[in-house]
Q: 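Right, I'll just put the structure down here and ask away after.
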Amino acid sequence: MNKPVEMQNVQTMPLWIGGKHKQATSTRAGEITNPATGRVIGRVPFCNAADIDAAVQSAQRAFPAWRDSPPLRRARVLMRFRELLDQNKDQLAALITAEHGKTLADAGGSVQRGIEVVEFAMGIPHLVKGEHSEEVGTGVDTHSLRQPLGVCAGITPFNFPIMVPLWMFPVALACGNTFVLKPSEKVPSASMRMAELLKQAGLPDGVFNVVHGDKEAVDALLNHPGVKAISFVGSTPIAKYIYETASKSGKRVQALGGAKNHAVVLPDADTEFAADALMGAAYGSAGERCMSISAVVAVGSSADPLVAKLKEKASKLKIGPGDGKDMDMGPLITRAHRDKVAGYVDKGVAEGAKLVLDGRGLKVTEYQDGNFLGASLFDHVKTDMTIYKDEIFGPVLCVLRVDTLDDAIRMINANPYANGTAVFTRSGGAARKFEREIEVGMVGINVPIPVPIAFFSFGGWRNSLFGDQHVHGMEGVRFYTRGKVVTSRWPDANALPTGLNMPTLG
Ligand code: NAD
């Protein structure tokens with residue numbers, strides 16, 4: 001069978017190892033597709049263990065000199081990198097839109113949120129400062145310091161090609177580690193561009209490397225003795241696998257997983273405000289965000305007016321190619337994923353939920369091969385339905401009705417996922433109760449997508465994160481460093497003998 005023209009001309013992208021492009025030795029490869037047009041726009045190699053080893057070795061060689069460079073010098077590289085990201089923001093957003101499909105404005109916003117992590121990491125001379133106590137015993141002082149781990153690896157998902165890698169490597173590099181990034185094979189170009197910008201910013205060769213691939217590449221990273229820490233963001237089953245496998249081989253791991261985020265709307269909330277906020281939270285990025293709201297818990301009398309407003313607003317969303325004018329929502333990542341999400345709408349109907357708005361029939365003229373799906377809205381969803389239990393990761397919003405705030409809190413706390421949640425209310429008391437009693441990692445009060453700013457940490461609870469430390473903020477600094485505590489004495493002629501008993505310094 002003849003291949004379509006676009007496929008005949010597409011290039012297989014290289015890896016980024018030792019500060020330059022390198023061809024993979026593996027012959028396995030995958031296709032990169034533009035989700036709006038359905039066209040193949042590139043090929044990405046699927047690395048084997050030898051390719052991964054080359055990248056890890058390059059990072060190992062670069063580690064001693066980078067570790068020994070003063071934190072302020074590392075910070076200055078990041079300052080220049082931050083400027084380059086800012087200057088290239090439009091190009092980076094366009095790369096995201098071409099491979100992921102989200103709108104250009106949304107892509108630009110995600111680049112900005114990533115830049116904020118670089119800005120946080122630029123403060124590294126202050127962030128890694130230790131503590132010092134003098135005279136903890138007679139003539140004895142103690143100080144603590146934090147030192148880098150060595151080679152760290154990041155494995156990232158398709159939905160934030162710039163922002164999620166930037167949650168990881170700026171902090172890791174600032175702390176003095178070197179890094180191997182394995183971006184999602186569906187959206188690899190943005191990571192390659194960031195590697196070039198890092199080099200332009202003055203990062204020494206080998207400190208940052210990019211490999212590509214699927215399970216084979218990931219497994220090689222998880223099992224490589226030269227890799228000291230793994231940061232992962234992706235779906236829950238893979239996060240659990242990464243956590244278990246990498247822990248077994250003695251690595252430090254943070255593995256962020258999937259989500260089912262609830263927004264509670266109380267009867268005293270401003271319905272118009274809540275419905276507006278929920279549009280972006282549920283349908284922005286076509287619902288392909290780990291912090292998307294996919295379940296609205298309508299308390300008491302809030303339900304009827306809220307569902308009416310949601311329907312009115314969702315039916316007006318402008319859906320089309322991400323680089324189209326004034327688009328609200330682009331296509332889904334692949335045809336298979338689009339069909340899977342549409343299948344959930346079928347299932348919701350079959351299971352008895354009320355389909356208030358049906359996005360399945362959407363056609364985007366001139367983009368017949370794109371992975372488009374309209375916005376869907378379900379009412380009267382129950383907690384035993386598949387559309388509630390599964391992470392759909394698409395433009396499908398489920399409304400569940402409960403009688404009280406306590407019922408809402410109980411429902412959310414019983415869900416296996418616990419990434420983000422929000423409450424809409426005018427009552428400070430209700431908001432405070434929600435904040436205290438909800439068992440979820442990130443909470444919004446009248447803020448639908450409470451993604452913490454970079455100097456706080458990002459991470460969920462339960463099946464939304466495996467490991468102890470969240471990404472960026474001070475937890476990121478702790479994850480990418482290990483502590484050392486030094487107790488020192490400079491004996492002179494008057495020093496007391498030490499003896500054989502347990503030392504008590506006083
Ligand atoms: P995914 O789990 O399929 O893939 C994530 C990464 O793991 C990719 O780099 C992929 O190549 C690799 N991978 C896939 N299958 C693997 C396997 N069997 N063994 C080893 N590695 C494998 O996730 P995705 O579809 O790219 O991203 C969407 C998911 O990510 C959603 O579940 C979403 O909620 C989640 N996510 C979570 C957060 C968060 O902060 N918690 C942020 C963004 C995305």
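Counting convention: from 1, in listed order, for ligands and their atoms alike. By convention here, the first residue in the shown sequence is residue 1.
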Q: Say you draw a straight line from OH of Y480 to CZ of R252; how long is it, rounded to the nearest 0.5 Å?
A: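 Those atoms lie 11.0 Å apart.
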Q: Out of F158, F160, F232, Y241, whose heavy atom is nearest to atom 25 (O) of ligand 1?
A: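 The option holding the nearest heavy atom is F158.
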Q: Which residue owns the protein heavy atom closest to atom 44 (C) of ligand 1, what's the atom, and how far is it?
A: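 For atom 44 (C) of ligand 1, the nearest protein heavy atom comes out as N159 OD1, 3.3 Å.
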Q: Quick check: E391 and ligand 1, any N/O pair under 3.5 Å apart?
A: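 Yes, at least one N or O pair falls under 3.5 Å.
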Q: So, D51 and S26: side-chain donor and acceptor under 3.5 Å apart, yes or no?
A: no
Q: How far is atom 40 (O) of ligand 1 from its nearest protein heavy atom, and which residue and atom is that?
A: F458 CE2, 3.0 Å
Q: Applying a 4.0 Å heavy-atom criterion (strictly less than), which segment of Y417 is in contact with ligand 1: side chain, backbone, both, or neither?
A: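 Within the 4.0 Å criterion, Y417 makes no contact with ligand 1.
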Q: Against Y388, only a single residue in E351, H262, K260 fulfils side chain to side chain donor-acceptor pair (under 3.5 Å); can you say which?
A: H262
Q: Can an N or O of T236 be found at a distance shorter than 3.5 Å from an N or O of ligand 1?
A: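 For ligand 1, there is no N or O atom that lies under 3.5 Å from one belonging to T236.
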Q: Tell me, which protein residue and heavy-atom name are nearest atom 35 (C) of ligand 1, and how many Å apart are they?
A: G234 O, 3.1 Å
Q: Below 4.0 angstrom from a heavy atom of G258, which ligand 1 atoms are there? Numbered from 1 as shown, please.
A: 32 (O), 34 (O)
Q: How long is the straight-line distance from NE2 of H224 back to CD1 of I52, given to the nearest 0.5 Å?
A: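 Answer rounded to 0.5 Å: 9.0 Å.
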Q: Taking atom 4 (O) of ligand 1 as the reference point, report whether a protein heavy atom occurs under 4.0 Å from it.
A: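 No, there is no protein heavy atom closer to it than 4.0 Å.
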Q: Report yes or no: does a heavy atom of S184 sit under 4.0 Å from some atom of ligand 1?
A: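 True for this residue.
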Q: I'd like to check whether D219 has a polar contact with ligand 1, where a contact means an N/O of the residue lying under 3.5 Å from an N/O of the ligand.
A: no
Q: Are side-chain N/O atoms of N159 and S285 paired as donor and acceptor at under 3.5 Å?
A: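 No, S285 and N159 have no side-chain donor paired with an acceptor closer than 3.5 Å.
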Q: Relative to the ring of F393, is the ring of F158 parallel (under 30°), tilted (30 to 60°) or perpendicular (over 60°)?
A: perpendicular
Q: For R401, is there an ion pair with D379 - N to carboxylate O distance below 4.0 angstrom?
A: yes
Q: Quick one: closest heavy-atom pair of P188 and I32, and the distance?
A: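 Residues P188 and I32, closest heavy atoms: CG-CD1, 3.6 Å.
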Q: Under 3.5 Å, N or O to N or O, is E185 touching ligand 1 that way?
A: yes
Q: Give the residue and atom name of whichever protein heavy atom lies nearest to atom 21 (N) of ligand 1, and the separation in Å to one decimal.
A: V218 CG2, 3.4 Å
Q: Counting only nitrogen or oxygen atoms and a 3.5 angstrom limit, does K182 reach ligand 1?
A: yes
Q: Verify the distance criterion only: is there a donor paired with an acceptor across the side chains of Q11 and R43 at less than 3.5 Å?
A: no
Q: Identify, by atom number and element, the atoms of ligand 1 in contact range of I155, meaning under 4.0 Å from any of its heavy atoms.
A: 6 (C), 7 (O), 9 (O)
Q: How far is atom 19 (N) of ligand 1 from its nearest protein heavy atom, and which residue and atom is that?
A: K215 CG, 3.4 Å
Q: Give the ring-plane orientation class for F179 versus F208, where under 30° counts as parallel, over 60° as perpendicular and anything between as tilted.
A: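 Parallel.
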Q: Are D390 and Y344 close enough that a side-chain donor and a side-chain acceptor fall under 3.5 Å?
A: yes
Q: Going by heavy atoms, is G459 under 4.0 Å from ligand 1?
A: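 It does not; every heavy atom stays at 4.0 Å or beyond.
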Q: If the threshold is 4.0 Å, N to carboxylate O, is there a salt bridge linking D369 and R335?
A: no
Q: How close does the nearest protein non-hydrogen atom get to atom 23 (O) of ligand 1, and which residue and atom is it?
A: S235 N, 3.5 Å
Q: So is K182 actually on top of F232's ring, under 6.0 Å and inside 45° of the axis?
A: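 No, K182 does not sit over the ring of F232.
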Q: How far is atom 39 (C) of ligand 1 from its nearest protein heavy atom, and which residue and atom name does that atom have?
A: C290 SG, 3.4 Å
Q: Check each atom of ligand 1 against the heavy atoms of G213 and keep those under 4.0 Å away; list them by number with element.
A: 11 (O)
Q: Could K240 and E244 be called an ion pair, given the rule that one side-chain N must be under 4.0 Å from one carboxylate O?
A: yes
Q: Quick one: look up the protein heavy atom nearest atom 28 (C) of ligand 1 and list residue, atom name and how far away it is.
A: F393 CE2, 3.6 Å
Q: For ligand 1, which atoms have a heavy atom of W167 less than 4.0 angstrom away?
A: 40 (O)
Q: For atom 37 (C) of ligand 1, state which one of G257, P237, P157 supplies the nearest heavy atom.
A: G257
Q: Heavy-atom distance to atom 6 (C) of ligand 1: which of T156, I238, I333 wins?
A: T156
